[in-house]
Number of protein chains: 2
Amino acid sequence: MTEPPKRRGRATGRSTLADVARLAEVSVNTASRALRGTRAVDAELVARVQAAAKQLRYVPDPAARALASARSSHVAVLIPLLTNALFVELLDAVQRKLTPAGYQTLIGVTHYRPEEEEELLLSYLAHRPAGLLVTGVDRSDAARRMIADSGVPCVHLMETVRQPGVYSVGLSQQAAAHALTTHLLQRGCRRIAYIAGQLDPRVMQRRQGYEQALREAGCYDSRLEVLDPSPTSMALGGRLFEELLRRQPDVDAMFFCNDDLAQGGLLAALRLQVPVPQRVAIVGFNDLSGSELMLPPLTTIRTPRWQIGTQAASMLLDLMHGQPVAQPALDLGFELVVRGSA
Amino acid sequence: MTEPPKRRGRATGRSTLADVARLAEVSVNTASRALRGTRAVDAELVARVQAAAKQLRYVPDPAARALASARSSHVAVLIPLLTNALFVELLDAVQRKLTPAGYQTLIGVTHYRPEEEEELLLSYLAHRPAGLLVTGVDRSDAARRMIADSGVPCVHLMETVRQPGVYSVGLSQQAAAHALTTHLLQRGCRRIAYIAGQLDPRVMQRRQGYEQALREAGCYDSRLEVLDPSPTSMALGGRLFEELLRRQPDVDAMFFCNDDLAQGGLLAALRLQVPVPQRVAIVGFNDLSGSELMLPPLTTIRTPRWQIGTQAASMLLDLMHGQPVAQPALDLGFELVVRGSA
DNA sequence: CTGAAAGCGCTTACAG
DNA sequence: CTGAAAGCGCTTACAG
């Protein structure tokens, strides 16, 4: 007189691992192991399980997997902005590496605000992500602690730090800015301005490199520094160009902290008929799309963001799979691209 | 002689709903209901539960919730490309609406390939997303079926369709192109070219609007259509500009299907010293960043993509919460922005 | 309005 | 190498 078990579930009509196991005539956990390949299973059983899975169009339920294993197939990626092509390219590279490896990317936009970063971290860490990718190395202590306490493998993007247990892939922003400034000096410029927006940590590291190179040449002048906290854009670049030319008419070169600003500066020069580079040389940073098409084409620093994204994803993959990482602080360098504007 | 239950779990050290319930001295499911506010719970109990949750820094486990409810807090968003500012802005608007509402965004990039879209759909649907946002209305039958069968609420972006059970927020690409072409005709242009890259469905709808307007004016000439399947870019715009000027020297206006192409065209004109709009008028589409700064500034169609993203997210929120949607096919229109180039 | 129990679909020790 | 059982942390009928 056994009652048939009452069906109270909210079955979804999708086939489950139990269905696969039944069809393949093995236990669920043999099916689980066969499909994941984590432990040795008899070859014939593996074949039977795989055939059954295929026949039933079995797709594992990520939520169940995450709950049982305390680890999801998500990788959370935190970037400052979506409106800056640099970060989007980084994201694109990361996605192309992680998606085929079976991970889903959760993208969080911090808008350069520490509190937003903390909130996002709290929310994403609740998902028990398999890995974490964050931009830069400067963040609030709270955020730093959350990352460390979570135990989730984490790789830092765009900058490098040599610190035990910290993984990073990037370049030296300061060295790149130093090289670019040196190029201007070699061209004979002496009144070289640094024009920056946004003022995030990397922009300030570039300023350091700029200052250092100028001090070495004995021609640093803080009046030639324009540090504007507004978000960067071509429009801002144009405005700052005009303004500086008015205020410091003896300026002979402008180092814009990012290519979008520099492109705006170049267009403003064209509009105002200021000859570049004769009257004033112009350089940018990052080598964003369009810079090579400007009139004249923009001299800039090419940052290897595609490689940074790809390599950081690879490093994270190693970390998530418990494999050793040869170079925890990977410096991918930069390239000085000399074109017509300086 | 009851044995203490053996602890076999993989406890994570985080507090669970059971911990909260214990501290608040209620049952777990009262705690669950109090926290979610789904059903009436005594006010005092609610307060006690909330206090306990706060004290324990309780964060619900999304995986457990998803497994139990057969619905996650994910919203999957499928866009063609990450390298087109248009889609990134759409994404940004969507994120800003969805994140505060407690949803996480899963972003899938299809690269305009139907197979990639199907794969992404398969993988994302396995996560039982709470909602789905897809770009455009053209897709493979298989993809269409997957969406329908999943039962997941879905909103289509950028175009509108009046079809029962289908939700969309966008604009009429064809009407916008028609208006822009009419503007060129009114300016006196007669040899108007349509220059396109990528050739996705929306680009072809614009072509329709262009052809229609020219046929009405009796001056359609298919030799003035340049349809290049390569991805759009400023560089491509410059190349196509030069090429067309050489092959069809009597052209008096160029309608580029996107602002990035048009910007490239404008820069090429500047470089080749072709007067715009005197020798040839130039217009673009979408009003991307930088178009207002060109020399001359670009005449274009402003598409309300920020509003499209926001409204589509709102509509999806309604759908996910089982609320009625007043306008399932929401046309947000466009704006003709007349600047110096035409 | 509240609670005890069952169940979601997996993985993980444990035993053999 | 394989299986039976317990458990992950929630939500959902069901009963009161």
Side-chain angles (χ1 to χ4, degrees), chain A residues 3-22 24-49 53 56-73 102 126-128 130, chain B residues 3-22 24-49 53 56-73 102 126-128 130:
Chain A
E3 296 269 327
K6 257 191 289 182
R7 201 46 171 113
R8 313 165 98 236
R10 298 144 294 255
T12 49
R14 313 197 315 191
S15 48
T16 68
L17 191 57
D19 298 328
V20 173
R22 204 173 304 123
E25 298 183 296
V26 297
S27 71
V28 280
N29 77 42
T30 294
S32 169
R33 295 194 278 244
L35 255 19
R36 280 176 304 144
T38 47
R39 272 169 57 182
V41 176
D42 186 278
E44 199 209 308
L45 293 191
V46 172
R48 242 158 61 197
V49 170
L56 296 175
R57 288 208 208 106
Y58 169 69
V59 182
D61 183 323
R65 179 171 278 179
L67 183 58
S69 68
R71 189 118 296 188
S72 75
S73 58
H127 282 257
R128 308 166 189 270
Chain B
E3 297 268 326
K6 256 190 289 182
R7 203 44 173 115
R8 312 166 101 237
R10 297 147 293 255
T12 48
R14 312 201 311 194
S15 49
T16 68
L17 191 57
D19 298 328
V20 173
R22 204 173 304 121
E25 299 184 294
V26 297
S27 70
V28 280
N29 72 44
T30 294
S32 168
R33 294 194 279 242
L35 255 19
R36 281 177 302 144
T38 47
R39 271 168 59 181
V41 175
D42 186 279
E44 199 210 309
L45 294 191
V46 172
R48 241 157 64 197
V49 170
L56 296 175
R57 288 209 208 105
Y58 170 68
V59 182
D61 184 325
R65 178 172 278 180
L67 183 57
S69 67
R71 189 121 296 189
S72 74
S73 58
H127 282 257
R128 308 165 189 270

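Proteins get letters first, then strands, A, B, ... in listed order; numbering begins at 1 in each.
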Full working for side-chain contact (heavy atoms from CB on, under 4.5 Å) between B/D19 and B/Y58: CA-CA 9 Å; B/D19 298 328; B/Y58 170 68; over 6 Å; no

B/L56 CG to D/dG9 C1', straight-line distance once rounded to whole Å: 15 Å

C/dG9 OP1/OP2 closer than 4.0 Å to side-chain N/O of A/T16: no

Atom-to-atom span, CZ of A/R65 to P of D/dC10 - whole angstrom: 21 Å

Rounded interatomic separation in angstrom, taking CG from A/L45 and P from D/dC1: 11 Å

Separation of atom CG in B/D61 from atom P in C/dC8, rounded to whole Å: 18 Å

Base of C/dG9 paired with side chain of B/R128 (donor-acceptor, under 3.5 Å): no

Closest to side chain of B/A68, choosing from D/dC8, C/dT12, D/dT11: D/dT11

Integer-rounded Å distance: D/dG9 P and A/R71 CZ: 14 Å

Nearest-angstrom distance from the residue atom CZ of A/R33 to C1' of C/dC14: 11 Å

Nearest heavy atoms of A/A18 and A/V28, plus distance in Å: CA-CG1, 3.6 Å

Side-chain N or O of A/S32 closer than 4.0 Å to phosphate OP1/OP2 of C/dT11: yes

Toward the 5' end of DNA chain C, by each residue's nearest nucleotide, B/A64 or B/T30: B/T30

Interatomic distance where CG belongs to A/L17 and P belongs to D/dG3 [whole Å]: 13 Å

Spacing of A/H127 atom NE2 and A/S73 atom OG [to the nearest 0.5 Å]: 11.5 Å

Identity of whatever pairs with C/dG3 - Watson-Crick or G-U, under 3.5 angstrom: D/dC14

Whole-Å distance separating the CG atom of B/L67 from the P atom of C/dT11: 12 Å

Under 3.5 Å donor-acceptor, A/R128 side chain and A/R71 backbone: no

CG-OG distance between A/D61 and A/S15, expressed to the nearest 0.5 angstrom: 11.0 Å

Among C/dT2, C/dC10, D/dT12, the nucleotide that comes nearest once only the side chain of B/S69 is considered: D/dT12

